[in-house]
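Notes follow the structure.
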Amino acid sequence: MIASAAPKIYLIATEESGDRLGAHLMQALRQQLGEVTFVGIGGHGMARQGLRSLFPIEELSIIGFAAVVQRLPMILRRIREAADAVIVAAPDVLVIIDSPDFTHRVARRVRAQAPSIPIINYVSPTVWAWRPGRARAMRGYVDHVLALLPFEPAEYRRLDGPPCSYVGHPLTEQLDSLRPNEAERAQRDAEPPTLLVLPGSRRSEIRHHSAVFGAALALLREQGVAFTPVLPTTPHLESLVREAVESWPVKPAIVVGEVDKRAAFRTARAALAKSGTVTLELAIAGVPMVTAYRAGALEIWIARRVVRPGTVILANLVIGEDVVPEFIQEDCTADKLAAALREVIADTPARRRQLDGFAKIDGIMSTGGREPSACAAEIVIAALRKTPSA
């Protein structure tokens, strides 16, 4: 039994997605433990659950190698401050959430100076795609990994990493917002079909993909394929997206915000998407897709030397089959994208193969009806019960 004194849990999340996971975890921990003290680093969601952040996480919203180098002294200072704060707080457990370049450095410092504090890593680094040696190294400072993807525990066993448990992906709690009702399903089947265009969620991605995506849509239209393109984006990227599509011969309808994005997912027949986490979102929504990836010469040179081949498409990894096609760098051409899009817009074997694969996802990603945050909370509590002070 846990003693009457409220257990103290230190959480660290430095990105918006991690903040959302942290907020749900805090809520689940409070439901299961009753009284609990939360301290740490987080954003607005975790603040609403009662966390006072050590510093604003917006300071760490840095994109691009040059920007990271320029602000490296600040980043290193925050890592030291975070580790020192954990050690002073002496929590019953430390939960680091995603952002491994920051959180793992904090965890290593904490383990070196306060080895009795259990450390839980919520969201696995992509050890299955690149830097596989990190899994074994994590044994030195992580006691348990909470995985969002069902194939990750097997990867940790293969790579001799710390214990890893699949707790579920937050997307599995959002099925109603991703999947069409009867009226929306009729819209999917209507002519002309809606084609989602998803060039990326970062400025550099939009710059790399906008020209070839625009050319692919133009070629598709020239070949007599009828479609209505819809490009979902976020408020902070809207002006860049509008500027990027200004020269497109076939201009998409631009929708802004998560609600309108999900509505577009529910009515789309197919998608052209930059490779990334959106492929799993599309697969859960039941939208066949063509994926592409372009990057700068240096970035792609590095990626080809450190990323395991065949590990980029999350939808394929979860399903366990290469049902979604991908066109990388020199293969990412308007001709190839347009040809592949014709196959997923029409009723073809390629389209049906994707839909058959997507139909397996619910079973593969199931957590037995339990919410991912509740599954994660149970493992945190198990670590808590092993703490002498608890």
*At their closest point, which heavy atom of Cys375 faces which heavy atom of Thr367, and how far apart are they?*
SG-CB, 4.3 Å
*Within the distance-only criterion (no hydrogens, no angle test), does the side chain of Ser210 pair as donor or acceptor with the backbone N or O of Ile206 below 3.5 angstrom?*
yes
*When rounded to the nearest 0.5 angstrom, what distance separates CG in Leu240 from OG1 in Thr233?*
8.0 Å
*Could you walk me through whether Trp248 and Val197 pass the side chain to side chain contact (heavy atoms under 4.5 Å, CB included) test, one step at a time?*
CA-CA 12 Å; Trp248 288 14; Val197 186; 4.0 Å; yes
*May I ask you to check whether over 12 heavy atoms, not counting those of Arg52, lie within 6.0 Å of atom CZ?*
no
Which donor-acceptor pairs under 3.5 Å do side chains of residues 142-149 form with protein atoms, sequence neighbours excluded?
from   : atom 1 : to     : atom 2 : distance (Å)
Asp143 : OD2    : Arg111 : NH2    : 2.7
Asp143 : OD2    : Ile119 : N      : 2.8
His144 : NE2    : Ser165 : OG     : 2.7

*Are Leu11 and Leu25 close enough that some pair of their side-chain heavy atoms sits under 4.5 Å apart?*
yes
*asked:* Given the ring of Phe102, does Arg78 sit roughly above its face, with NZ or CZ under 6.0 Å from the centre of the six-membered ring and within 45° of the axis?
replied: no
*Would you give the length of the straight line joining atom NZ of Lys274 to atom OH of Tyr293, rounded to the nearest 0.5 angstrom?*
6.0 Å
*Test side chain to side chain contact (heavy atoms under 4.5 Å, CB included) on Gln49 and His24 and set out the steps.*
CA-CA 9 Å; Gln49 292 296 323; His24 285 111; over 6 Å; no
*asked:* Closer than 3.5 angstrom, by distance alone: can the side chain of Arg179 be matched with the main-chain N or O of Ile284 as a donor-acceptor pair?
replied: yes
*Look at the side chain of Gln32 and the backbone N and O of Ala374, then say whether any donor-acceptor pair between them is shorter than 3.5 Å.*
yes
*Leu231 and Val250: same hydrophobic cluster, using ILVMFWY side-chain contacts below 4.5 Å?*
yes
*asked:* Using 0.5 Å steps for rounding, measure from the CZ atom of Arg105 to the CD1 atom of Ile79.
replied: 5.5 Å
*Whether Thr126 side chain and Trp128 backbone form a donor-acceptor pair below 3.5 Å*: no
*Tell me, do Ser201 and Glu205 make a side-chain contact under 4.5 Å, heavy atoms counted?*
yes
*Quick one: does Met365's side chain get under 4.5 Å of Val318's, heavy atoms only?*
yes
*Do you reckon Phe265 sits in the same ILVMFWY cluster as Phe227, going by side-chain contacts under 4.5 Å, direct or chained?*
no
*Of all the heavy-atom pairs spanning Ala6 and Thr37, show the shortest one and how long it is.*
CB-OG1, 4.0 Å
*Of all the heavy-atom pairs spanning Asp98 and Asn121, show the shortest one and how long it is.*
N-ND2, 4.4 Å
*In terms of hydrophobic clusters joined by side-chain contacts under 4.5 Å, are Leu217 and Leu219 together?*
no
*So, the side chain of Arg266 versus the backbone of Pro180: is there a donor-acceptor pair under 3.5 Å, distance only?*
no
*asked:* Using modelled atom types and a 3.5 Å cut-off, is there a donor and acceptor pairing between side-chain atoms of Thr228 and backbone atoms of Thr194?
replied: no
*Just by distance, with hydrogens left out, do Arg262 and Gln174 show a side-chain donor and acceptor under 3.5 Å apart?*
yes
*Examine distances only and state if a side-chain atom of Asp19 and a backbone atom of Met46 form a donor-acceptor pair shorter than 3.5 Å.*
yes
_We want to know whether Tyr156 and Ser124 form a side-chain donor-acceptor pair, criterion being a heavy-atom distance below 3.5 angstrom._
yes
*How far apart are the C-alpha atoms of Asp101 and Arg134, what are their side-chain angles, what is the distance that settles it, and do they pass the salt bridge (Lys or Arg N to Asp or Glu O under 4.0 Å) test?*
CA-CA 11 Å; Asp101 289 335; Arg134 172 185 271 182; 3.6 Å; yes
_Treating Thr291 as the side-chain partner and Ala273 as the backbone partner, does any N or O pair qualify as donor plus acceptor under 3.5 Å?_
no
*Step through the shown structure and confirm whether more than 12 heavy atoms of other residues, nucleotides or ligands are within 6.0 Å of CG on Asp189.*
yes
*Linking I/L/V/M/F/W/Y whenever any side-chain heavy atoms sit under 4.5 Å apart, do Leu220 and Phe213 land together?*
yes
*Any side-chain donor near an acceptor of the partner, Glu326 and Ser275, under 3.5 Å*: yes
*Please lay out, stage by stage, how Ile117 and Val93 fare under the test side chain to side chain contact (heavy atoms under 4.5 Å, CB included).*
CA-CA 6 Å; Ile117 299 174; Val93 63; 5.8 Å; no
*Enter the distance from Tyr10:OH to Leu51:CG here, rounded to the nearest 0.5 Å.*
8.0 Å
*Charged N to carboxylate O under 4.0 angstrom, Arg20 versus Glu16?*
yes
*Report yes or no: does Glu243 contribute a side-chain atom to a donor-acceptor pair with the main-chain N or O of Ser239 at less than 3.5 Å?*
no
*What closest approach, in Å, do Ile97 and Thr103 show between heavy atoms, and which atom pair accounts for it?*
O-CG2, 4.1 Å
*Hey, does Ile254 have a side-chain heavy atom less than 4.5 Å from the side chain of Val241?*
yes
*Compare all side-chain heavy atoms of Val106 with those of Ile96 and state whether any distance is below 4.5 angstrom.*
no
*Lys/Arg-Asp/Glu bridge criterion (N-O < 4.0 Å) met for Lys360, Glu321*: yes
_Atom pair NZ (Lys251) and OG (Ser247), whose distance is rounded to the nearest 0.5 Å_ = 7.0 Å
_Euclidean distance, Glu281 CD relative to Leu178 CG, rounded to 0.5 Å_ = 5.5 Å
*Does some side-chain heavy atom of Val230 sit less than 4.5 Å from a side-chain heavy atom of Leu195?*
no
_If hydrophobic clusters are built from ILVMFWY residues whose side chains come within less than 4.5 Å, do Val245 and Leu341 share one?_
yes
*Is it the case that Gln187 and Arg269 place a side-chain donor and acceptor less than 3.5 Å from each other?*
no
*Over all heavy atoms of both residues, which pair between His209 and Arg294 is shortest? Give the atoms and the distance, please.*
NE2-N, 2.8 Å
*Would you check if the side chain of Asn316 reaches a backbone N or O of Val324 as a donor-acceptor pair within less than 3.5 Å?*
yes
*salt bridge (Lys or Arg N to Asp or Glu O under 4.0 Å) between Arg242 and Glu246: does it pass, once the steps are laid out?*
CA-CA 6 Å; Arg242 291 191 181 280; Glu246 186 61 34; over 6 Å; no
*Do the non-hydrogen side-chain atoms of Val290 and Phe327 ever get within less than 4.5 Å of each other?*
yes
*Would Arg351 and Glu343 count as a side chain to side chain contact (heavy atoms under 4.5 Å, CB included) if you check the C-alpha gap in whole Å, the side-chain angles of each, and the deciding distance to 0.1 Å?*
CA-CA 6 Å; Arg351 176 181 173 85; Glu343 291 291 304; over 6 Å; no
*asked:* If you compare all heavy atoms of Pro118 against all heavy atoms of Ala383, which two are closest, and at what distance to 0.1 Å?
replied: CG-O, 4.1 Å
*Can you tell me if Thr267 and Arg188 form a side-chain donor-acceptor pair at under 3.5 Å?*
no
*Beyond-backbone contact of Lys8 with Phe38, side-chain heavy atoms, under 4.5 angstrom*: no
